[in-house]
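Please read the structure below before turning to the comments.
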Amino acid sequence: MPTLAAYLIVVAVWATTPLGIKWSGEAMAPLAAAGVRMGIAALLGLGWLWLKRQPLPLHSRARLSYLAALPGIFGAMGCSYMGSTYLPSGLISVIFGLAPLLSGLMMQVLPGSVRLNAWHWSACAMGVFGLMLVFDDSLAALFAGGDLGDRGIGVLWMLSAVTLFAGSGIAVQRVGAGLKPMQQTVGGLLLSLPCYGLAMVLAGQQPEWNGDVRGLSAIVYLAVFGSLLGFYSYFQILSRLPAATVALVTLITPVLALLLGNLFNGESLGMMVLAGALLIVFALGLFMLGDHQVRQVLKRLPAGETA
């Protein structure tokens, strides 16, 4: 696949996934929609492995890697689907954009990790402030003795999702099983299916379609593109492009997701929430690219000007 095509596919898939999650929950109960999506993706993934004549490794290291992926595939996605019942799709994408910041913070307690510098810590502080603006009325109501409200509950679901996603990514990397991307994906998907089944039973949710064609189409779309083609394309660009170029995807997609939510789902955000969302995107840019850009500028300056 050409690199430009793969890059555009990743941007398109990541930008449309929050809206797809939102619409999926209109066709089925949230956990059921997520479970059906993962089931379809697992079947398609097994077919992919069969066509590519790639086995599904089951040695101890591989099983440990599948287990490490479970908080992301089951925990993060399950929480995202639950959060989508309370939040606009664009805001889901913005909060999920906090994943690199959370990953950086988590890595600080692990041996052998790169330590954050002043630029990174500034970005984290900015991201927290942006998140407080997103909470806005929910925090005020909570401190006044009320409850969080729908937005607050949704933000908590999404914070749980992004934390599990970031932790899962670190765990898979640390296991280092040497699996091919599709092997890792299919193994994690298969392991997540019993978890989704149990979660549906505990939550009293049934995998029943209510007749919403748009929602059902969104589930199929996410299974094919979100869970398979998007993942494959992501690893393609990760192996061909500089990390900073790949990182731009996480800056572009929240903005596109906000626009798509407004255009196709009639979502509108208050000024405080929109300001918080933009601040989070800016913080993410500072965290991932700011220090690199500043170093490049300093390198171009005469020695006397850097003193």
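We use all heavy atoms of the structure for the numbers below, so side chains are in, but hydrogens, waters and symmetry mates are not.
- Applying the ring-ring contact (aromatic ring centres under 6.0 Å, His included) test to residues at least two apart or on different chains, the pairs with a partner in residues 16-68 are W48-Y232.
- Looking at residues two or more places apart in sequence or on another chain, you find a side-chain hydrogen bond (donor to acceptor under 3.5 Å, both in side chains) between E267 and S89, N265.
- Remark: Y86 engages no residue in a side-chain hydrogen bond (donor to acceptor under 3.5 Å, both in side chains) (not counting sequence neighbours).
- Here V224 pairs with L44, V220 under the side-chain contact (heavy atoms from CB on, under 4.5 Å) rule; sequence neighbours left out.
- Take S160 and apply the side-chain contact (heavy atoms from CB on, under 4.5 Å) test, not counting sequence neighbours, and it matches C79.
- Looking only at atom types and distance, the side chain of Y221 has a donor-acceptor partner in the side chain of T16 under 3.5 Å away.
- The hydrophobic cluster containing L202 also includes L198, under a criterion of side-chain heavy atoms closer than 4.5 Å among ILVMFWY residues, counted directly or through chains of members.
- A search for side-chain contact (heavy atoms from CB on, under 4.5 Å) contacts involving S93 returns P18, P254, A257, not counting sequence neighbours.
- Partners of S217 by side-chain hydrogen bond (donor to acceptor under 3.5 Å, both in side chains), not counting sequence neighbours: none found.
- In this view, T17 satisfies the side-chain hydrogen bond (donor to acceptor under 3.5 Å, both in side chains) rule with no residue, not counting sequence neighbours.
- Sorted by first and then second residue, the salt bridge (Lys or Arg N to Asp or Glu O under 4.0 Å) pairs with a member in residues 204-222 read E26-R214; sequence neighbours excluded.
- Residue pairs meeting the ring-ring contact (aromatic ring centres under 6.0 Å, His included) criterion with at least one member in residues 177-210, sequence neighbours excluded, are F74-Y196.
- With sequence neighbours left out, A12 forms a side-chain contact (heavy atoms from CB on, under 4.5 Å) with no residue at all.
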